[in-house]
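Chain naming here is simple, since letters A, B, ... match the order of the sequence lines and numbering starts at 1 in each. Worth saying up front: this structure is predicted, and the values here are computed from it rather than measured.
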2 protein chains.
Amino acid sequence: MKSTVHDIARTAGVSLATVDRVLNDRPGVRAKTRERVMNAMNALGYVRDVGAANLARGRRYRFDFILPDNENTFMLSLRTELETAIKHAMAERVQINLVLVPAFDEAALVAALDACTAHQPDGVAFIALDTDPVRAACQRLTQSGVHAVTLVSDLGHSSRAHYVGIDNGAAGRTAARLLGLFANGTKGAIAVLAGSLQVRDHQERYDGFRTAMQVDFPGREILPVLEGLDEGKRVEKLVRDLLAHRQDIAGIYSLGAGNRGLVEALAAAPAHADRPLVVAHERDGITAQALRQGLIHAILAQDAGHEIRSAIRVLKASADRLAIVPGQEHIRIEIFLKDNLPQSDCRNLAETE
Amino acid sequence: MKSTVHDIARTAGVSLATVDRVLNDRPGVRAKTRERVMNAMNALGYVRDVGAANLARGRRYRFDFILPDNENTFMLSLRTELETAIKHAMAERVQINLVLVPAFDEAALVAALDACTAHQPDGVAFIALDTDPVRAACQRLTQSGVHAVTLVSDLGHSSRAHYVGIDNGAAGRTAARLLGLFANGTKGAIAVLAGSLQVRDHQERYDGFRTAMQVDFPGREILPVLEGLDEGKRVEKLVRDLLAHRQDIAGIYSLGAGNRGLVEALAAAPAHADRPLVVAHERDGITAQALRQGLIHAILAQDAGHEIRSAIRVLKASADRLAIVPGQEHIRIEIFLKDNLPQSDCRNLAETE
DNA sequence: CTGTTAGCGCATTCAC
DNA sequence: GTGAATGCGCTAACAG
């Protein structure tokens with residue numbers, strides 16, 4: 001039950017060093033000897049003490065996290081969760097370096113990745129822009145021996161070891177079903193609001209949404225996408241215009257940020273009219289309150305804390321060449337209705353977009 | 001950044017032993033000296049290496065998990081996840097003992113808790129039956145110095161340190177809103193299917209459901225609860241009878257187990273009729289497939305793996321008198337539609353109830 | 001190829 | 001009150 005390397009060495013009739021060699025399969029052990037040690041190991045049901053091993057090894061994990069300097073609530077909460085994680089991580093011998101880059105700036109992201117390649121940490125987590133230069137930079141990084149994971153937005157056909165984030169296509173399809181079912185019995189059209197279809201997450205959500213809508217709720221008109229560039233002001237104008245020009249909007253799917261504008265436009269709409277059914281992304285002070293007030297009817301979200309912690313665990317596992325627990329690292333699409341909103345999110349009231 | 005007890009001892013001009021005394025606030029240090037050490041500590045930004053500490057201390061966590069010997073999929077997956085966790089936990093010096101007790105057997109649960117009190121592990125996790133004898137047994141356990149957490153079903157007004165599970169009231173309310181919105185535009189009645197209202201989770205879900213339904217969708221008729229005792233056969237008969245006698249069932253909320261029966265009854269119903277909208281609890285092979293086929297329209301679920309891992313983390317934190325990360329330990333109510341069902345759940349096809 | 005030895009960072013006897 | 005010494009389970013130089 002509680003056997004140590006000493007026990008193995010003794011029952012196998014070898015020395016500690018030899019046990020260590022087979023344990024970390026290093027060269028320099030005769031096949032015969034190796035086998036003897038192996039037998040002793042599972043005879044005693046040995047499980048190595050990782051803590052002691054890391055202590056002796058003096059191992060220190062160094063990870064770089066590249067995040068955009070965006071000021072929207074989601075990115076902010078990602079940064080907040082990272083700060084928290086950094087503190088906890090220190091006690092577990094992992095050191096995390098936060099690198100901020102301008103948002104949506106391909107050159108900056110490539111430069112940051114190349115800087116990591118030079119810096120040679122044990123691992124890197126980054127929010128990808130899905131372009132070839134980024135793919136190439138990622139390739140350089142991993143080929144130099146650094147483990148890389150993508151966060152929130154993936155990099156297709158790349159050398160990243162893992163993607164930490166939700167399935168955006170599924171999110172779009174889920175939104176379609178929610179809206180389709182909620183709008184059951186109504187006749188109006190559905191409007192879609194995105195930041196920009198140039199961004200991969202948004203594109204994937206939109207594709208999923210449109211496809212599912214067409215398949216499962218045929219006959220429901222989907223209006224052309226409105227691109228609000230994730231800016232509250234712009235989004236507000238778009239929605240105001242929309243609601244002013246068309247009286248028959250049955251539902252709205254807001255798949256990007258800038259929900260402040262959406263909510264304000266909805267609130268300004270005449271109360272006696274049938275309000276459109278609204279599904280939006282990301283839970284923050286604004287969307288949560290709108291959900292409570294009935295301006296929004298469902299929120300799809302991803303848990304920033306979970307994503308950060310998962311990224312660290314995955315990076316650590318990669319560094320140690322250990323397997324991960326798939327169930328633990330699956331990032332769920334969270335669905336919030338008025339009723340399952342955590343009571344405790346009055347804290348997040350300091351939001352921007 | 002990487003200061004050790006030695007550094008502190010040196011800069012404070014004391015010995016290791018003294019540093020250790022203030023670190024674990026033990027007696028035998030003059031206030032003056034203690035202060036000097038404290039100053040040195042935060043001057044150097046010291047963070048103690050928990051791994052090394054545990055190694056030196058030879059600390060071993062021993063936890064007991066008391067689970068019912070139920071054969072339904074949820075309990076089974078809870079056990080499976082526990083087995084997995086046990087393996088991983090061993091490497092981190094925690095030893096977990098699984099204790100199976102007959103389901104819904106108050107005397108057995110009390111006996112198991114008392115056995116734990118005698119056995120004196122570091123912590124105990126158990127699925128509570130919400131009764132006074134259980135409360136008293138829990139009291140005895142915690143008063144003997146063992147940390148206790150409830151799992152899945154809570155014990156009201158008790159001495160447990162933490163509840164690891166979903167908010168069942170919120171789950172019920174969420175189901176109400178889903179069904180209410182989905183059934184928008186229809187006129188029929190809503191049927192509710194429970195295992196037994198004697199069980200606390202079920203009672204809470206039902207209360208939440210009924211209240212939310214009455215408030216948010218007034219005028220919608222809710223039929224009296226049908227109690228299927230979580231047995232597939234019984235549930236099937238209840239639903240068959242229901243659908244045969246009433247043509248106007250707009251929705252069904254199945255808040256307990258035995259969903260196999262529900263699904264079979266639904267599948268047997270004439271396809272040309274308007275199918276009722278169905279919300280059920282717990283994701284398993286049966287409910288997932290029914291969701292795909294459109295017999296069920298939403299599943300509310302709790303993640304057994306998350307619950308097990310959370311329980312272990314919380315128990316460990318209690319044993320070390322450490323704080324937990326609230327966000328990490330919040331068990332979410334998961335909502336699955338056809339579209340966000342993990343592709344990978346064909347594995348769970350071996351289900352019973 | 002294999003064994004000896006000296007720590008990693010900390011907790012814990014024991015002397016002083 | 002305080003300090004010096006020993007060892008937890010493991011790894012990593014070194015010797016042989």
Please check if the side chain of B/Thr142 supplies one atom and the backbone of B/Cys138 the other of a donor-acceptor pair under 3.5 Å.
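Checking the backbone N and O of B/Cys138 against the side chain of B/Thr142, a donor-acceptor pair under 3.5 Å is found.
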
Sub-3.5 Å donor-acceptor pair from the side chain of A/Arg62 to the main-chain atoms of A/Ile96, do we have one?
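No; judged by distance alone, with no hydrogens or angles, the pair does not exist.
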
Between [atom2] on [N] and [atom1] on [X], what's the gap in Å once rounded to a whole number?
{"X": "B/His6", "N": "C/dG9", "atom1": "NE2", "atom2": "P", "result": "8 Å"}
{"X": "A/Glu92", "N": "C/dC8", "atom1": "CD", "atom2": "P", "result": "22 Å"}
{"X": "A/Arg60", "N": "D/dT11", "atom1": "CZ", "atom2": "P", "result": "17 Å"}
{"X": "A/Asn54", "N": "C/dC8", "atom1": "CG", "atom2": "C1'", "result": "11 Å"}
{"X": "A/Asp20", "N": "D/dA13", "atom1": "CG", "atom2": "P", "result": "11 Å"}
{"X": "A/Leu16", "N": "C/dA6", "atom1": "CG", "atom2": "P", "result": "14 Å"}
{"X": "B/Leu55", "N": "C/dG9", "atom1": "CG", "atom2": "P", "result": "12 Å"}
{"X": "B/Asp7", "N": "C/dC8", "atom1": "CG", "atom2": "P", "result": "11 Å"}

Carefully, step by step, assess A/Tyr46 and A/Val5 under the rule side-chain contact (heavy atoms from CB on, under 4.5 Å).
CA-CA 8 Å; A/Tyr46 173 76; A/Val5 276; 3.9 Å; yes

Distance below 4.0 Å between [X] side-chain N/O and [N] OP1 or OP2:
{"X": "B/Thr18", "N": "D/dG3", "answer": "yes"}
{"X": "B/Thr4", "N": "C/dG9", "answer": "no"}
{"X": "A/Arg48", "N": "D/dT11", "answer": "yes"}

Could you go through the side-chain contact (heavy atoms from CB on, under 4.5 Å) check for A/Val124 and A/His147 one step at a time?
CA-CA 6 Å; A/Val124 172; A/His147 300 275; over 6 Å; no

For the residue pair B/Arg79 / B/Asn70, report whether a side-chain donor-acceptor contact shorter than 3.5 Å exists.
no

Does A/Arg21 get its side chain close enough to the base of C/dG3, under 3.5 Å, for a donor-acceptor pair?
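Yes, the side chain and the base share a sub-3.5 Å donor-acceptor pair.
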
Is A/Val14 touching bases, backbone alone, or none of the nucleic acid, heavy atoms closer than 4.0 Å?
sugar-phosphate

Name the nucleic acid region contacted by A/Ala53, choosing base, sugar-phosphate or nothing; use a 4.0 angstrom heavy-atom cut-off, strictly under.
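Answer is sugar-phosphate: A/Ala53 comes under 4.0 Å of backbone atoms only.
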
Is the CZ atom of B/Arg321 crowded by more than 12 outside heavy atoms at less than 6.0 Å?
no

Of all the nucleotides listed (C/dG9, D/dG9, D/dA12), which has the minimum atom distance to the side chain of A/Ala52?
D/dG9

For DNA chain D, the residues among residues 23-35 of chain A that have a non-hydrogen atom under 4.0 Å from it
A/Leu23, A/Asn24, A/Arg26

Heavy atoms only: give me the nearest A/Ala103-A/Asp69 pair and the separation to one decimal.
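Closest heavy-atom pair between A/Ala103 and A/Asp69: N-OD1, 3.3 Å.
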
